[in-house]
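Note: hydrogens, waters and symmetry copies are ignored here, and every other heavy atom, side chains too, is used.
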Amino acid sequence: MLCHLLLSETVETLTIPEEMGGVLEVSGDRRGTLTLADHVDGPGFGLKGGEGRIFFADDPVAVSQLSFEGLEFYPKPSECQITPGGVDGAIGVALARVEWARLTDVRGNGAIAVTGTIGLPANLLGIRGGGP
């Protein structure tokens with residue numbers, strides 16, 4: 001498993017999603033926001049924005065790759081969490097809070113922390129119907 005999914009702890013404060021994507025806040029050696037709005041083909045489900053991209057593997061859900069401003073990350077299980085929240089069953093999108101306390105670029109070019117909420121396919125998070 002590449003990333004820890006907290007199914008027992010849903011994010012009650014998250015609203016129902018309206019679409020895929022969202023904003024992740026980045027701090028550390030690079031600072032800024034990673035705005036994810038467009039689907040991208042790759043190894044698993046992916047979202048991209050002008051500043052980077054993120055790819056998810058499923059079964060179980062995991063972040064397989066994160067890119068931000070030229071840095072590349074392949075998170076380990078101990079480095080991140082995905083916590084599911086509200087779901088819109090009609091469009092099949094669920095909000096998830098993602099958090100990484102520290103990620104180190106594969107080439108050693110910097111380390112960042114990432115946190116935020118994004119809309120993902122509900123089935124990717126293992127959510128069916130009205131909630132996790």
L47 with Y74, same ILVMFWY side-chain cluster at under 4.5 Å
no
In the single-linkage hydrophobic clustering (I, L, V, M, F, W, Y; side-chain heavy atoms under 4.5 Å), do F55 and M20 co-cluster?
no
Is [Y] close to [X] at the side-chain level, that is, under 4.5 Å between some pair of heavy atoms?
X	Y	value
R53	Q65	yes
P75	L103	yes
E19	V93	no
V114	L34	no
D105	E72	yes

Would you mind telling me which of L66, V106, I112 makes a side chain to side chain contact (heavy atoms under 4.5 Å, CB included) with L71?
I112
Mind listing the closest non-hydrogen atom pair of [X] and [Y] along with its distance?
X	Y	answer
F68	T33	CE1-O, 3.8 Å
R107	G70	NH2-O, 2.6 Å
W100	I54	CH2-CD1, 3.7 Å
S64	P43	OG-O, 3.8 Å
I127	P84	CD1-CB, 3.9 Å

Spacing of [atom1] belonging to [X] relative to [atom2] belonging to [Y], to within rounding of 0.5 Å:
X	Y	atom1	atom2	result
L24	T117	CG	OG1	8.0 Å
F45	N123	CZ	CG	9.5 Å
E51	L36	CD	CG	8.0 Å

Run the numbers on R97 and T115 for side chain to side chain contact (heavy atoms under 4.5 Å, CB included), then give the verdict.
CA-CA 7 Å; R97 179 157 184 84; T115 187; 2.9 Å; yes
For R30 and G110, indicate whether the former's side chain and the latter's backbone hold a donor-acceptor pair under 3.5 Å.
no
